[in-house]
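Structure first, commentary second.
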2 protein chains.
Amino acid sequence: MQAKPSSKSVNPGSAEDASGLRMTRQRQGVYRVLLAERDHPTANDVFMRVKDKLPHISLATVYNCLEVLVEHRLVRQVNFEREPSRYCPNLEEHGHFHDQHTGVIHDVKFKPGVQLGDVLDLPSGAVIEDVEINLRGQLSLA
Amino acid sequence: MQAKPSSKSVNPGSAEDASGLRMTRQRQGVYRVLLAERDHPTANDVFMRVKDKLPHISLATVYNCLEVLVEHRLVRQVNFEREPSRYCPNLEEHGHFHDQHTGVIHDVKFKPGVQLGDVLDLPSGAVIEDVEINLRGQLSLA
DNA sequence: GAATCAATTTAGAATAATTCTTGCTATTGG
DNA sequence: CCAATAGCAAGAATTATTCTAAATTGATTC
Ligand SMILES: [Mn+2]
Ligand SMILES: [Mn+2]
Ligand SMILES: [Zn+2]
Ligand SMILES: [Zn+2]
């Protein structure tokens with residue numbers, strides 16, 4: 001259990017979001033990199049990109065920032081097979097299509113009104129916290 | 001390119017399946033372990049179980065066997081987050097539900113007649129080779 | 001059955017993404 | 001300003017998996 005430091009007024013003048021995330025320069029930088037190009041970069045990709053703005057940032061910090069952004073649900077972590085994790089700022093529920101020809105990962109929207117239970121034979125009493133849909137294939141030009 | 005050794009008759013007396021997989025003692029043992037308990041064991045789980053029958057088998061061999069069984073589609077590899085890979089002998093198309101309370105992974109069937117394209121807004125021209133659906137949550141007794 | 005020779009197995013080393021440790025710095029609230 | 005807490009950086013550690021190299025197996029041919 002964690003004793004939260006008492007703050008009477010709601011963080012006056014502090015750069016925290018509603019959930020108490022402190023938006024440091026590094027977290028800001030990492031988050032901006034993710035928003036800038038929505039191409040699902042790896043931690044190392046993010047590291048290389050964020051160095052432009054923050055030349056002294058470390059890879060460990062990039063991992064820390066990504067972790068905290070994921071925990072606070074500003075970003076989603078995407079895992080394909082056993083490849084390095086990728087990160088995605090798209091907060092709508094969506095899946096991913098990995099084009100194995102180009103290597104590009106595309107967001108895939110759910111059709112409106114579709115319920116998981118319409119599609120899958122869920123164990124009775126299952127409370128789903130997280131859904132992950134990953135597709136692999138190719139884009140044929142035809 | 002691989003020159004296949006010429007065999008006039010179709011492998012008389014050899015223990016190969018149709019696709020040319022040689023069913024060695026080790027591969028047999030690994031495969032049997034997977035069929036015996038359909039609980040999605042890790043490579044290391046398989047290693048520990050198969051040792052009963054093959055005390056000299058190595059972990060590297062278990063990995064090799066699993067890889068070749070996956071390539072030959074006798075077994076599926078299941079990845080949750082960044083946890084160790086798990087292996088599943090259920091060849092029907094299905095998803096997985098990870099009960100985070102018990103740690104058990106349940107197979108989840110697709111409802112009959114459901115097409116991926118009914119549910120997802122696939123990129124046009126996408127040819128899907130592989131579908132992976134992973135759910136995380138809990139089973140409430142209610 | 002023996003010779004051949006590629007496929008397989010094994011033990012151990014190597015790899016690589018990620019996590020951990022530790023000492024330092026920055027920020028917060030008082 | 002002070003004390004407490006949170007965050008950062010550098011490098012070490014972890015660990016699932018893959019690789020290497022040498023020994024073994026076993027299918028095919030003689
Ligand atoms: Mn890729
Ligand atoms: Mn688990
Ligand atoms: Zn995405
Ligand atoms: Zn399964």
Side-chain angles (χ1 to χ4, degrees), chain A residues 2-17 19-31 41-48 50-51 54-72 77-87, chain B residues 1-17 19-31 41-48 50-51 53-72 77-87:
Chain A
Q2 185 95 285
K4 192 191 293 186
S6 65
S7 63
K8 292 156 198 168
S9 53
V10 185
N11 300 315
S14 75
E16 293 188 4
D17 78 354
S19 63
L21 173 70
R22 210 191 271 179
M23 256 304 169
T24 63
R25 265 198 317 285
Q26 289 84 349
R27 288 171 184 174
Q28 191 78 240
V30 165
Y31 188 45
T42 64
N44 199 62
D45 293 335
V46 172
F47 179 48
M48 292 187 304
V50 77
K51 273 180 181 167
L54 299 169
H56 295 304
I57 198 172
S58 75
L59 180 55
T61 297
V62 170
Y63 272 105
N64 289 341
C65 291
L66 289 169
E67 181 181 54
V68 79
L69 289 171
V70 168
E71 281 168 5
H72 286 255
Q77 185 171 5
V78 179
N79 296 301
F80 265 91
E81 313 281 326
R82 304 209 57 75
E83 292 175 13
S85 288
R86 296 169 174 279
Y87 296 87
Chain B
M1 209 140 297
Q2 185 94 284
K4 192 192 292 184
S6 65
S7 64
K8 292 158 201 168
S9 54
V10 187
N11 300 316
S14 78
E16 292 189 6
D17 80 352
S19 63
L21 174 70
R22 212 141 94 181
M23 258 306 170
T24 63
R25 265 196 320 285
Q26 289 85 347
R27 289 171 184 173
Q28 190 80 239
V30 165
Y31 187 45
T42 64
N44 199 62
D45 293 336
V46 173
F47 178 49
M48 293 187 304
V50 76
K51 272 178 180 167
K53 288 283 167 63
L54 300 169
H56 295 304
I57 197 171
S58 74
L59 180 55
T61 297
V62 171
Y63 273 104
N64 290 340
C65 292
L66 290 169
E67 181 180 54
V68 78
L69 290 171
V70 168
E71 280 167 5
H72 285 257
Q77 186 171 3
V78 179
N79 296 300
F80 265 91
E81 312 282 323
R82 303 208 59 76
E83 293 175 13
S85 287
R86 295 169 174 279
Y87 296 86

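So that the names make sense, note that chain A is the first sequence line, chain B the second, and so on, each numbered from 1.
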Taking atom [atom2] of [N] as reference, at what distance in whole Å does atom [atom1] of [X] sit?
| X | N | atom1 | atom2 | result |
| --- | --- | --- | --- | --- |
| B:Glu81 | C:dT18 | CD | C1' | 14 Å |
| B:Phe80 | D:dA16 | CZ | P | 18 Å |
| B:Leu66 | C:dT8 | CG | P | 15 Å |
| B:Glu71 | D:dT18 | CD | C1' | 13 Å |
| B:His56 | C:dT8 | NE2 | C1' | 17 Å |
| B:Phe47 | D:dA16 | CZ | P | 13 Å |
| A:Asp45 | C:dA16 | CG | C1' | 15 Å |
| B:Asn44 | D:dT18 | CG | C1' | 15 Å |

For A:Ala60 and for A:Cys65, find the nucleotide of DNA chain D with the closest heavy atom, then tell me which residue's nucleotide is more 5'. A:Cys65
Given DNA chain D, 5'-ward residue of the pair B:Arg25 and B:Leu59, judged by closest heavy atom: B:Leu59
From C-beta outward on [X], which listed nucleotide comes closest to its side chain: [options]?
| X | options | value |
| --- | --- | --- |
| B:Arg22 | C:dT10, C:dT8, D:dG7 | C:dT8 |
| B:Thr61 | D:dT17, C:dT9, D:dC8 | C:dT9 |
| B:Pro84 | C:dT10, C:dT18, D:dT17 | D:dT17 |

Have a look at B:Asn64 and say if it touches a base, only the backbone sugar-phosphate, or nothing, with a 4.0 Å heavy-atom cut-off. base
With a 4.0 Å cut-off on heavy atoms, is A:Thr42 in touch with a base, just the backbone sugar-phosphate, or nothing at all?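 It contacts nothing in the nucleic acid.
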Roughly how far apart are [X] [atom1] and [Y] [atom2], rounded to 0.5 Å?
| X | Y | atom1 | atom2 | answer |
| --- | --- | --- | --- | --- |
| B:Arg27 | B:Ile57 | CZ | CD1 | 10.5 Å |
| B:Ser58 | B:His56 | OG | NE2 | 12.0 Å |
| B:Gln26 | B:Cys65 | CD | SG | 6.0 Å |
| A:Arg22 | A:Gln28 | CZ | CD | 14.5 Å |

DNA chain C nearest-nucleotide lookup for A:Glu67 and B:Ile57: closer to the 5′ end is B:Ile57
Residue-phosphate contact under 4.0 Å: [X] side-chain N/O, [N] OP1/OP2:
| X | N | result |
| --- | --- | --- |
| B:Arg27 | C:dT8 | yes |
| A:Gln26 | C:dA26 | no |
| A:Ser85 | C:dT18 | yes |
| A:Arg82 | D:dA16 | no |
| B:Tyr63 | D:dT18 | no |

Considering the options A:Val62, A:Asp45, A:Thr61, which one meets the side-chain contact (heavy atoms from CB on, under 4.5 Å) requirement together with A:Val50?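 Output: one option passes, namely A:Val62.
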Any side-chain heavy-atom pair from A:Val68 and A:Glu71 closer than 4.5 angstrom? yes
